[in-house]
Student: 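Take this structure first; my questions come after.
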Amino acid sequence: MVAAADAQNFAEKLGITHGLVVQELGWDEDTDDDLRADVEAVSGSEMVDEDSDEVVDAVLLWWRDGDGDLADELMDIISPLADDGFIWVLTPKTGRPGHVDPSEIAEAAPTSGLTQTSVITLGAWIGSRLVQPKAPSKQR
């Protein structure tokens, strides 16, 4: 029962709410199915994949060491992202296969025009939240 309670907190921790369009990238057999199911249950619909042409509110990017250039991937992800959307880069925890050094995310975010705002633990994964900087307000 504790695992189910923890899973119910995943979407909340990620800031997923009902009605958000969530895109999932980098799925593989090692992804956390409880996290995925919770995101879909809370958002109220299935996550869209890389072939979607919808504007998305949130992106879950499962990223592992050896997946390529993170900055390039992030630049591709920004295109369909809503202005107030956010990206979660999900990487395996330290000591697990595919672990990504946090400095890689910290370096890739500004290179792709994003800002890292928080880091959270999600079971066997670490989530790094990235957002597009807010445009300065125009004063008259």
Side-chain angles (χ1 to χ4, degrees):
M1 193 66 182
V2 173
D6 288 345
Q8 289 304 316
N9 292 325
F10 286 151
E12 184 178 306
K13 283 183 170 185
L14 293 168
I16 305 299
T17 57
H18 185 77
L20 290 186
V21 176
V22 181
Q23 183 176 44
E24 179 183 41
L25 303 169
W27 179 91
D28 206 341
E29 293 183 9
D30 63 346
T31 57
D32 187 320
D33 287 335
D34 290 336
L35 186 151
R36 297 176 73 246
D38 189 45
V39 167
E40 290 183 341
V42 170
S43 70
S45 61
E46 291 185 10
M47 290 185 279
V48 299
D49 63 16
E50 68 272 357
D51 296 328
S52 173
D53 57 1
E54 287 187 64
V55 172
V56 297
D57 301 301
V59 176
L60 299 185
L61 173 62
W62 301 95
W63 193 259
R64 302 150 199 87
D65 184 44
D67 279 354
D69 187 305
L70 181 57
D72 285 347
E73 183 70 19
L74 291 172
M75 284 190 264
D76 290 342
I77 291 172
I78 292 171
S79 296
L81 191 64
D83 290 342
D84 59 349
F86 51 91
I87 299 167
W88 281 100
V89 179
L90 304 171
T91 59
K93 276 183 161 177
T94 304
R96 294 196 173 260
H99 169 71
V100 175
D101 192 277
S103 66
E104 183 178 335
I105 298 166
E107 291 170 14
T111 301
S112 54
L114 297 165
T115 302
Q116 184 172 343
T117 60
S118 60
V119 177
I120 60 173
T121 300
L122 300 158
W125 294 80
I126 301 292
S128 300
R129 187 176 191 266
L130 308 178
V131 297
Q132 299 174 83
K134 300 283 184 228
S137 60
K138 300 206 185 273
Q139 296 182 341
R140 295 178 188 236

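For reference, positions follow the sequence shown, starting with 1.
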Student: Please answer: with hydrophobic residues joined when any side-chain heavy atoms are less than 4.5 Å apart, are Met75 and Leu81 in the same cluster?
Tutor: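 No, no single cluster joins them.
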
Student: Would you compute the distance between atom CG of Asp38 and atom NZ of Lys13 and round it to the nearest 0.5 angstrom?
Tutor: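 Rounded to the nearest 0.5 Å, the CG-NZ separation comes out at 11.0 Å.
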
Student: Which atoms form the tightest heavy-atom contact between Val89 and Trp63, and what is the distance?
Tutor: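 Scanning both residues completely, I find the closest heavy atoms to be CG1-CB, 3.9 Å.
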
Student: CG/Asp65 to CD/Glu104 distance, rounded to the nearest 0.5 angstrom?
Tutor: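 One finds 6.5 Å between CG of Asp65 and CD of Glu104.
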
Student: Would you say the side-chain atoms of Glu40 pair up with the backbone N or O of Met47, donor to acceptor, closer than 3.5 Å?
Tutor: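 Such a contact is found between Glu40 side chain and Met47 backbone.
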
Student: Using the rule that Ile, Leu, Val, Met, Phe, Trp and Tyr join whenever any side-chain heavy atoms are under 4.5 Å apart, tell me whether Leu130 and Leu60 fall into a single cluster.
Tutor: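 Looking at the clustering, Leu60 is in a separate group from Leu130.
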
Student: Going hydrophobic residue to hydrophobic residue with side-chain gaps under 4.5 angstrom, can you get from Val39 over to Trp125?
Tutor: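 Yes, one cluster joins them.
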
Student: Which heavy atom of Ile16 sits nearest to which heavy atom of Ala58, and what is that distance?
Tutor: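 Heavy atoms only, the tightest pair is CD1-CB, 4.0 Å.
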
Student: Looking at every heavy atom in both Ile105 and Ser128, which two are closest together, and how far apart are they?
Tutor: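 For Ile105 versus Ser128, the nearest heavy atoms are CD1-OG, 3.6 Å.
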
Student: Give the C-alpha distance, both sets of side-chain angles, the deciding distance and a yes or no for side-chain contact (heavy atoms from CB on, under 4.5 Å) between Leu90 and Ile126.
Tutor: CA-CA 6 Å; Leu90 304 171; Ile126 301 292; over 6 Å; no

Student: Atom CG in Leu122, atom CG in Asn9: separation rounded to 0.5 Å?
Tutor: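 Rounded to the nearest 0.5 Å, the CG-CG separation comes to 10.0 Å.
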
Student: For a quick test of your reading: what N or O donor-acceptor pairs under 3.5 Å do the side chains of residues 17-33 make, sequence neighbours left out?
Tutor:
from, atom 1, to, atom 2, distance (Å)
Gln23, NE2, Asp49, O, 3.1
Glu24, OE1, Arg36, NE, 3.2
Glu24, OE1, Arg36, NH2, 2.8
Glu24, OE2, Arg36, NE, 2.5
Glu24, OE2, Trp62, NE1, 2.9
Trp27, NE1, Thr31, OG1, 3.0
Asp30, OD1, Arg64, NE, 3.1
Asp30, OD1, Arg64, NH2, 2.9
Asp30, OD2, Arg64, NE, 2.8
Thr31, OG1, Asp28, O, 2.9
Asp32, OD1, Asp34, N, 2.9
Asp32, OD1, Leu35, N, 2.9

Student: Do the side chain of Lys93 and the main chain of Gly123 share a donor and acceptor less than 3.5 angstrom apart?
Tutor: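 Checking the backbone N and O of Gly123 against the side chain of Lys93, a donor-acceptor pair under 3.5 Å is found.
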
Student: If you compare all heavy atoms of Val131 against all heavy atoms of Phe86, which two are closest, and at what distance to 0.1 Å?
Tutor: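 The pair with the smallest heavy-atom distance is CG1-CB, 3.9 Å.
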
Student: What I'd like to find out is whether the side chain of Leu61 reaches to under 4.5 Å of the side chain of Leu70, using heavy atoms alone.
Tutor: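 Of all side-chain heavy-atom pairs linking Leu70 with Leu61, at least one is under 4.5 Å.
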
Student: Which heavy atom of Pro92 sits nearest to which heavy atom of His99, and what is that distance?
Tutor: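 Shortest heavy-atom separation between Pro92 and His99 comes out as O-ND1, 3.2 Å.
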
Student: Would you say Trp88's side chain and Leu14's backbone share a donor-acceptor pair under 3.5 angstrom?
Tutor: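 Indeed, once roles are kept as given, a pair shorter than 3.5 Å links the two residues.
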
Student: Mind listing the closest non-hydrogen atom pair of Leu74 and Ser112 along with its distance?
Tutor: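 For Leu74 and Ser112, the tightest heavy-atom pair comes out as CB-OG, 3.4 Å.
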
Student: Report yes if some heavy atom in the side chain of Gln132 is under 4.5 Å from a heavy atom in the side chain of Ile78; otherwise report no.
Tutor: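 Yes - at least one pair of side-chain heavy atoms lies under 4.5 Å apart.
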
Student: I'd like to check the side-chain hydrogen bond (donor to acceptor under 3.5 Å, both in side chains) partners of Thr94; sequence neighbours left out, ordered by chain and number.
Tutor: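 side-chain hydrogen bond (donor to acceptor under 3.5 Å, both in side chains) check on Thr94 returns nothing, list empty.
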
